Amino acid sequence: MTLAESYRDRMFAFLQRALTEIGPRESCSPAERRLGDMVAQTWEEQGHEVRRHEFVCNPRAFLGFIPISAVLYLVATILYWWSPLLSFVIALAGGLLILFELLLYRELIDPLFPEARGVNVYAVVPPRGEVRRRVVISAH
């Protein structure tokens, strides 16, 4: 077995363990925190320096704009026959909501959704020699 195959097998075993022991993990949920602890433990066993960064987010807001935009467009369509200008303004609001939330990642509607606390877990791997470049590996 090659070194690459060994790493592959360890990764598949880790993923299988995470999926069976933890299961689905919504952002900022206790299950996500358990996975972070599992990853941290694995990295610590490998001798890496593990750090945690706590943050606050509104996990349901990211996709929560979709039904809001859909309702705005439905209302704009119905209002078109009575007030085209008001219909345009409401449709524009729905379009801007999509633009800001989905494309520009501006958190316009986040205050409408409950807050939750999350933790980013990362490891610092000390270099063996002179540092020439920095590598950041990230995942969700």
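Numbering of residues begins at 1 and proceeds along the displayed sequence. Worth knowing before you read on, the calculation uses all heavy atoms, side chains too, and leaves out hydrogens, waters and symmetry mates. Just so you know, these numbers come straight off a predicted model, no measurement behind them.
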OH (Tyr80) with more than 12 external heavy atoms under 6.0 Å: no

I'd like to know if Arg60 pairs up with Glu26 as an ion pair, taking the criterion as any Lys NZ or Arg NE/NH1/NH2 lying under 4.0 Å from an Asp or Glu carboxylate oxygen. yes

Looking at every heavy atom in both Phe55 and Cys57, which two are closest together, and how far apart are they? CE1-SG, 3.9 Å

Expected output: side-chain Ser29 to main-chain Arg25 donor-acceptor under 3.5 Å: no

Heavy-atom nearest pair, Leu35 first then Ala18, reads CD1-CB, 3.7 Å

Rounded distance (nearest 0.5 Å) linking atom CD of Gln41 with atom CD of Glu44: 7.5 Å

Got a salt bridge between Glu54 and Arg52, using NZ or NE/NH1/NH2 to carboxylate O under 4.0 Å? no

Minimum heavy-atom separation for Thr77 and Ser87, please, with both atom names. N-OG, 4.3 Å

Restricting to non-hydrogen atoms, name the atom on Glu101 and the atom on Ala61 that form the minimum distance, rounded to 0.1 Å. OE1-O, 4.1 Å

For Leu79, the option from Leu85, Leu86, Leu74 that meets side chain to side chain contact (heavy atoms under 4.5 Å, CB included): Leu86

Do Leu108 and Leu103 land in one hydrophobic cluster if side-chain heavy atoms of ILVMFWY residues count as linked below 4.5 Å? yes

Return yes when atom OH of Tyr105 has more than 12 non-hydrogen atoms of other residues, nucleotides or ligands closer than 6.0 Å, and no otherwise. no

Test item: Val39 and Phe14 side chains (from C-beta on) under 4.5 Å apart, heavy atoms: yes

Do Val125 and Val50 belong together in a cluster built from hydrophobic side chains that touch within less than 4.5 Å? no

Rounded distance (nearest 0.5 Å) linking atom CZ of Arg17 with atom OG1 of Thr42: 6.0 Å

State yes or no: do Leu63 and Leu112 share one hydrophobic cluster built from I, L, V, M, F, W and Y residues joined by side-chain heavy-atom distances below 4.5 Å, directly or via other members? yes

For Gly64 and Ile109, work out which heavy atoms get closest and say how close. C-CD1, 3.9 Å

Any side-chain heavy-atom pair from Arg106 and Leu97 closer than 4.5 angstrom? no

According to a 4.5 Å side-chain heavy-atom criterion applied to Ile, Leu, Val, Met, Phe, Trp and Tyr, with indirect links allowed, do Val75 and Ile78 form part of one hydrophobic cluster? no

Could you walk me through whether Asn58 and Glu107 satisfy the side chain to side chain contact (heavy atoms under 4.5 Å, CB included) test, starting with their C-alpha distance in whole Å, then the side-chain angles of each, then the deciding distance to 0.1 Å, before giving a yes or no? CA-CA 9 Å; Asn58 309 74; Glu107 300 172 347; 5.5 Å; no

Under a single-linkage definition using a 4.5 Å side-chain heavy-atom cutoff for Ile, Leu, Val, Met, Phe, Trp and Tyr, are Leu72 and Ile66 assigned to the same hydrophobic cluster? yes

Please check this pair: side chain of Gln16 against backbone of Phe12, looking for a donor-acceptor N/O pair closer than 3.5 Å. no

Atom CG in Asp37, atom CD in Glu32: separation rounded to 0.5 Å? 11.0 Å

Which atom names give the shortest non-hydrogen contact between Pro114 and Pro59, and what distance separates them? O-CD, 3.9 Å

Take Arg34 and Glu21 through the test side chain to side chain contact (heavy atoms under 4.5 Å, CB included) and record every step on the way to the result. CA-CA 9 Å; Arg34 284 196 309 272; Glu21 290 180 19; over 6 Å; no

